[in-house]
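For reference, the structure is listed below as structure tokens.
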Amino acid sequence: MAEQLGSLARTHTCGALRASDVDARAVLLGWVQKVRDLGQIVFLDMRDRHGITQVIVQDDADLLEKAKRLRSEFVVGIEGVVERRDPETVNTKLPTGEVEVRAATIRVLNEAKTPPFIIGDEQAVSEETRLKYRYLDLRRPALQQNIVLRHRITMALRKYFDEQGFLDVETPILTKSTPEGARDFLVPSRVHPGEFYALPQSPQLFKQILMIAGMDRYVQIARCFRDEALRADRQLEFTQVDIEMSYATPELVFEIVEGALAAAFTEIGVTISRPFRRMGYAEAMAVYGSDKPDLRFDLKIQDVGAHFAESPFGIFREAIEHGGTVRGFVIPGAGGASRREVDEIVELAKQAGAAGLIWARRTADGVQVSAKAIGEPTTAAVLDAMGAGAGDLVVLACGAADATSKMLGQLRLTVAKKRDLIPADRWELLWVTEFPLFEWNADQQRWDSLHHPFTSPREEDLPRLASDPGSVRARAYDVVLNGWELGGGSIRIHDRETQATVFRLLGLSDEQAKLRFGFFLEALEYGTPPHGGLALGLDRIVAMLAGESSIREVIPFPKTTQAVDLMSDAPSTVDVAQLRELRIRTEA
RNA sequence: GGGGUCGUAGUUCAGUUGGUUAGAACGCUGCCCUGUCACGGCAGAGGCCGCGGGUUCGAGUCCCGUCGACCCCGCCA
């Protein structure tokens, strides 16, 4: 039977007591982590989020009997005196290990069922079980540390942006649907039957309007919603550190954002070097096959098409004749790989979408290549050109330049992981710049924004905006850490005319543009300062700094890849009366 | 929408070529134990082998379907 807290007021957390507290009276409130019943002595480990303190129960028969009835995860209050432990009984693994509390009072504030997994244990538990009992998982030290780190990073960022003159402004959660980009989450309006709000995919237009409104520098830790497939680094709802600045240049944004990330890294005791490296989109794609390259390891993609223009190996020669290329990279130390290991790499390439993968390496008496038709002289020349040494393996693929690099970029990542080529504890931050403004949408026969329709073209490319849209580069930039896109942004269009031109290129008629963005286009006409900004993925930043490979580990209540909250069982059906009130009829 | 990995006790896992009564560790329950902290000792309980169908004399094991978790592609202005 549960007892009342009564007059028990906490004097110390379970992580607080030290040798300097000896002889003090202490009241601890927390969970029983473990009971060690030795008969005439009972030890209790008391736990809260601050730590663990050992309590000793001895001599008092009533108290002993009560202590023996305690079980893991009972919530108890202990009142007693702090005692120094004998030197031989000190527990050096605990910060509180020099002392223990000799219990005079034990109050059972609540009992607990046996939990499905042990809270104070490092043993792995399936994510399914952890998500169902998230309140228990959150009690475990690993997740508690992540939540604490998230808090500290959030606080550091708020402090930093405040110091830089940013104003924290809230924007609506119930807003207007703008069907470009990701699928919207819609919220039916009861007052306006048949009409819907949308949850924001980002506060993009609102933050730009805040610049028009004269807020000058804006920051918001903003929840965003996108109804798209979930991944280790993507949830339906996620948190952006959203910023926007009037009179911004890319350099100014870089400086501000680098400072913010430096502040975040300080929370894990890491000093990052600034300014970050810069890389054009074209180089990133060509050399790393990705717009978010992981620079912790090399395996750089090289173009060796020149060696195959007249090759007797038809597949490569024809690829070049059709305007394609031959590219590949060196896998250091894989030269001695067994046939099975090499086949495995070829198989990985197929999974990445390669039609085929040719490999080559040096042997004791020359060179070896998986396509004999290439011939030894060409093979040797390619190995030389790529800088492949005795112990290395070279892999080659052909096709359209972009597709080949992308495929090799994927292979690069899986090979690096599999062969353990990625150094731990390295932080490779970079800016990817000079993105194209548009990409051609073959299905719809029109241009799509690569970033979003409010991104400003580079001034020197402006003359080609109407004549050659594909060649126009954007004033957009992504910040990348170890192969994760941490954030992205741009300098925005701030004049009505350029904005209208871009909408037309995107296939939006003036009427459609007015319907969707009319309020914004009108706002642009009332004296809009040049402005720009960026949004950082807070979940990704925290996950990275926590050393986690999934953002679910830094989100208190995440959803599964099937978009289900296993704890609350959302989504769920609702009462017909609710639907009727909203004038909604379901099909199923 | 597509590809892959996994699903056996509360938990994490093992389970041979298809063969008698499905095991281990931790956890849990009871008893013993005055310095434990991965306490120890003794005894015990605990299984729809995800679910449905099929093949077979016989299925945890083979086949088909389905559900769920995770990873990847597509998707994510």
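So that the names make sense, note that chain A is the first sequence line, chain B the second, and so on, each numbered from 1. These values consider heavy atoms only, across backbone and side chains, with no hydrogens, waters or symmetry-generated copies.
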Checklist outcome for this item: Contact check, residues 95-105 of chain A vs RNA chain B, heavy-atom distance under 4.0 Å, returns A:Glu100, A:Arg102
Checklist outcome for this item: Contacts of A:Asp495 meeting salt bridge (Lys or Arg N to Asp or Glu O under 4.0 Å) (sequence neighbours excluded), chain-then-number -> none
Taking only distance into account, with no hydrogens and no angle test, what donor-acceptor pairs under 3.5 Å do side-chain atoms of residues 87-95 of chain A form with protein atoms, sequence neighbours excluded?
from	atom 1	to	atom 2	distance (Å)
A:Thr89	OG1	A:Asp86	N	3.3
A:Thr89	OG1	A:Asp86	O	2.9
A:Asn91	OD1	A:Lys93	N	2.9

Next on the checklist: Within residues 29-44 of chain A, which residues have any heavy atom lying less than 4.0 Å from an atom of RNA chain B?
Outcome noted: A:Lys34, A:Arg36, A:Asp37, A:Leu38, A:Gly39, A:Gln40, A:Ile41, A:Phe43
Item to check | Close approaches to RNA chain B from residues 220-237 of chain A, in residue order (heavy atom, under 4.0 Å) | outcome: A:Arg226, A:Glu228, A:Ala229, A:Arg231, A:Ala232, A:Arg234
Next on the checklist: Is there, by distance only and without an angle test, a donor paired with an acceptor across the side chain of A:Arg71 and the base of B:rU29 below 3.5 Å?
Outcome noted: no
Checklist entry - When we call it a touch if two heavy atoms are under 4.0 Å apart, what does A:Gln204 touch: a base, just sugar-phosphate, or nothing? => result base
Checklist entry - So, is A:Thr114 close to the B:rC28 phosphate, meaning a side-chain N or O under 4.0 Å from OP1 or OP2? => result no
Next on the checklist: Just to verify, what does A:Lys417 make a side chain to side chain donor-acceptor pair (under 3.5 Å) with, not counting sequence neighbours?
Outcome noted: none
What protein N or O atoms touch nucleotides 9-11 of chain B N or O atoms at under 3.5 angstrom, if any, and at what distances?
from	atom 1	to	atom 2	distance (Å)
B:rG10	O2'	A:Pro116	O	3.1
B:rU11	O4'	A:Pro116	O	3.2

Checklist entry - Pairs in or reaching into residues 53-63 of chain A: which pass salt bridge (Lys or Arg N to Asp or Glu O under 4.0 Å), with residues at least two apart or in two chains? => result none
Next on the checklist: Suppose we screen for side chain to side chain donor-acceptor pair (under 3.5 Å). Which residues come up paired with A:Gln33, at least two apart in sequence or across chains?
Outcome noted: A:Arg47
Item to check | Watson-Crick/G-U partner (both atom distances under 3.5 Å) of B:rU34 | outcome: none
Checklist outcome for this item: Ordered by number, residues from residues 55-63 of chain A within less than 4.0 Å of RNA chain B (heavy atoms) are A:Ile56, A:Gln58
Identify each atom pair where a protein N or O and an N or O of nucleotides 4-8 of chain B are less than 3.5 Å apart, giving names and distance.
none

Checklist outcome for this item: Residues passing the side chain to side chain donor-acceptor pair (under 3.5 Å) test with A:Asp242, sequence neighbours excluded, are A:Lys207, A:Tyr218
